[in-house]
Student: 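Here it is, the structure, as structure tokens.
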Amino acid sequence: MASMLGGPADTVAQALLGLMLCRRFEDGVVVRGRIVETEAYAGVEDAASHSFGGRRTARNEAMYGRAGMAYVYFTYGMHWCMNVVCATQGDPQAVLLRAIEPVEGIDRMETNRLANPKAARVLPEAQIGAGPARLCAAFGIDRAWNGSDLLKGGERGERLWLEPGVVPAVVVLGPRIGIDRAGEPWVSKPLRFGDAGSPSLSRRFR
DNA sequence: ATGACGATTTACT
DNA sequence: GTAAATCGTCATA
């Protein structure tokens with residue numbers, strides 16, 4: 001598990017598909033979701049990456065950490081998104097988790113969603129984790145998890161970690177979402193990966 | 001101190 | 001399809 005995260009973002013993005021993202025809450029409840037959609041952010045060369053050009057700030061510091069670290073950031077004034085840091089320490093590559101398919105603790109995912117007044121809309125089960133911010137809302141992931149080690153888990157009896165899962169039968173690729181301003185060639189590179197058979201993708205691939 | 005912006009989601013026409 | 005919501009972060013001064 002640890003070794004597979006040490007590679008470049010595009011490789012890791014594909015390898016993460018099928019793995020289980022798991023969290024245990026203080027009350028002991030566990031939620032699990034199968035990762036079905038990811039995006040690779042290739043580091044200093046990648047104009048769409050928060051680390052483009054070696055940019056290093058308090059916000060993206062986790063990108064420079066060890067593989068297996070979580071990089072969680074806040075955006076649009078209301079949403080959290082989570083990445084799995086990859087490559088080697090000091091090389092700021094990461095993979096954005098764009099969608100999970102609910103597997104366990106679905107009631108708790110609902111509760112977590114409803115706890116956020118901005119996400120009070122009820123969604124069909126398959127859509128609960130279909131989107132980078134939806135996934136974080138469902139799992140209750142926020143800034144407290146930035147920099148946490150996904151291979152070890154968190155503190156306070158709470159944990160956020162990865163487990164082996166079922167590899168997708170068919171993987172589809174496409175351009176990344178919401179990065180138009182990065183310009184070519186980065187806007188067109190096929191760095192978005194999905195499990196073609198999943199009903200929980202954030203958007204269609206084409 | 002101020003202003004511009006965002007790896008999104010939701011509601012509405 | 002378009003637009004609003006909403007605020008932490010960063011660059012500039």
Side-chain angles (χ1 to χ4, degrees), chain A residues 8-10 12-14 16-17 21 33 35-65 69-87 91-100 102 109-110 112-147 150 172-194 200-206:
Chain A
D10 55 350
V12 173
Q14 202 158 167
L16 284 172
L17 293 177
L21 178 65
I35 297 171
V36 294
E37 184 183 333
T38 59
E39 273 179 2
Y41 286 87
V44 300
E45 304 181 337
D46 184 352
S49 173
H50 291 167
S51 59
F52 177 55
R55 178 187 165 94
R56 186 170 187 166
T57 66
R59 176 168 91 144
N60 73 1
E61 180 61 30
M63 292 187 83
Y64 290 81
M69 182 174 275
Y71 165 43
V72 179
Y73 67 91
F74 185 68
T75 191
Y76 290 103
M78 62 194 99
H79 300 301
W80 296 97
C81 295
M82 171 179 167
N83 292 252
V84 177
V85 173
C86 56
D91 181 357
Q93 300 194 44
V95 175
L96 174 68
L97 301 185
R98 284 199 58 91
I100 59 94
M109 294 184 194
E110 290 272 16
N112 290 338
R113 244 188 90 74
L114 297 172
N116 179 352
K118 305 305 177 193
R121 189 171 77 144
V122 177
L123 292 173
E125 179 177 313
Q127 300 302 307
I128 291 175
R134 286 182 177 176
L135 162 180
C136 284
F139 275 68
I141 294 168
D142 62 16
R143 111 172 313 149
W145 296 95
N146 187 40
L150 299 170
V172 284
L173 285 67
R176 293 172 292 181
I177 305 298
I179 56 143
D180 289 355
R181 62 185 68 71
E184 295 292 357
W186 298 98
V187 294
S188 298
K189 284 185 182 283
L191 294 175
R192 176 179 175 228
F193 303 85
S200 299
L201 299 177
S202 67
R203 307 190 186 190
R204 291 296 178 76
F205 280 80
R206 36 171 308 179

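The analysis underlying the following values was restricted to heavy atoms, covering all of them including side chains, and did not include hydrogens, waters or symmetry mates. Below, chain A is the first sequence line, B the second, and so on; all start at residue 1.
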Student: Just to verify, what does A:T57 make a side chain to side chain contact (heavy atoms under 4.5 Å, CB included) with, not counting sequence neighbours?
Tutor: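 Listed in chain order: A:R55, A:R59, A:N60.
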Student: Of the nucleotides B:dA7, C:dG8, B:dT10, which has the atom closest to the A:F74 side chain?
Tutor: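 That would be C:dG8.
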Student: Which heavy atom of A:L123 sits nearest a heavy atom of A:E110, and at what distance?
Tutor: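 Where A:L123 meets A:E110 most closely, the heavy atoms are O-OE2, 4.1 Å.
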Student: Write down the atom of A:E45, the atom of A:F52, and the distance for their closest heavy-atom approach.
Tutor: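 Nearest heavy atoms, A:E45 then A:F52: O-CE1, 3.6 Å.
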Student: Nearest whole angstrom, please: distance from the C1' of B:dA4 to the CZ of A:R59.
Tutor: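 Checked: the CZ to C1' distance equals 13 Å.
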Student: Where the side chain of A:Y76 is concerned, which of C:dG8, C:dC10, B:dG6 is the nearest nucleotide?
Tutor: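 Among C:dG8, C:dC10, B:dG6, the one nearest the side chain of A:Y76 is B:dG6.
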Student: According to side-chain hydrogen bond (donor to acceptor under 3.5 Å, both in side chains), who are the partners of A:N146, at least two apart in sequence or on a separate chain?
Tutor: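 None.
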Student: Let's see if you can work this out: which of B:dT8, C:dC7, C:dT6 has an atom nearest to the side-chain heavy atoms of A:I177?
Tutor: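 Among B:dT8, C:dC7, C:dT6, the one nearest the side chain of A:I177 is B:dT8.
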Student: To the nearest Å, give me how far apart CD (A:E61) and C1' (C:dC10) are.
Tutor: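 Result: 15 Å.
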Student: For A:R134 and B:dA7, give me the distance from atom CZ to atom P, rounded to whole Å.
Tutor: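 From A:R134 CZ to B:dA7 P: 18 Å.
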Student: The criterion is salt bridge (Lys or Arg N to Asp or Glu O under 4.0 Å); which residues satisfy it with A:E61, sequence neighbours excluded?
Tutor: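 In terms of salt bridge (Lys or Arg N to Asp or Glu O under 4.0 Å), with neighbours along the sequence ignored, A:E61 is linked to A:R56.
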Student: Do we count A:Y41 as stacking onto B:dA7 if the rule is ring centres under 5.5 Å and planes under 30°?
Tutor: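 So yes, this residue stacks on that base, both cut-offs being met.
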Student: Check nucleotides 11-13 of chain C against the protein and report each pair of N or O atoms closer than 3.5 Å, with its distance, or say if there are none.
Tutor:
{"residue": "C:dA11", "atom": "OP1", "partner": "A:R55", "partner atom": "NH1", "Å": "3.3"}

Student: Can you tell me how far P of B:dA7 sits from CZ of A:R181, to the nearest Å?
Tutor: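 In whole Å, B:dA7 P lies 6 Å from A:R181 CZ.
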Student: Taking both distances under 3.5 Å as the test for a Watson-Crick or G-U pair, what stems of at least three pairs does DNA chain B have?
Tutor: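 So far as stems of 3 or more pairs are concerned, DNA chain B shows B:1-6 with C:7-12, B:8-12 with C:1-5.
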Student: Provide the closest heavy-atom pair for A:L96 versus A:P132 in the form atom of the first, atom of the second, distance.
Tutor: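 So the minimum-distance heavy-atom pair works out to CD1-CB, 4.2 Å.
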Student: Output a table of donor-acceptor pairs, distance under 3.5 Å, between side-chain atoms of residues 35-44 of chain A and any protein atom two or more places apart or on a different chain; print 'none' if there are none.
Tutor:
{"residue": "A:E37", "atom": "OE1", "partner": "A:S202", "partner atom": "N", "Å": "2.7"}
{"residue": "A:E37", "atom": "OE1", "partner": "A:S202", "partner atom": "OG", "Å": "3.1"}
{"residue": "A:E37", "atom": "OE2", "partner": "A:R98", "partner atom": "NE", "Å": "2.8"}
{"residue": "A:E37", "atom": "OE2", "partner": "A:R192", "partner atom": "NE", "Å": "2.9"}
{"residue": "A:E37", "atom": "OE2", "partner": "A:R192", "partner atom": "NH2", "Å": "3.0"}
{"residue": "A:E37", "atom": "OE2", "partner": "A:S202", "partner atom": "OG", "Å": "2.8"}
{"residue": "A:T38", "atom": "OG1", "partner": "A:A13", "partner atom": "O", "Å": "2.9"}
{"residue": "A:E39", "atom": "OE1", "partner": "A:Y41", "partner atom": "OH", "Å": "2.7"}
{"residue": "A:E39", "atom": "OE2", "partner": "A:I177", "partner atom": "N", "Å": "2.8"}

Student: Once you round it to whole Å, what is the distance between C1' of B:dT8 and CD1 of A:I179?
Tutor: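 Checked: the CD1 to C1' distance equals 14 Å.
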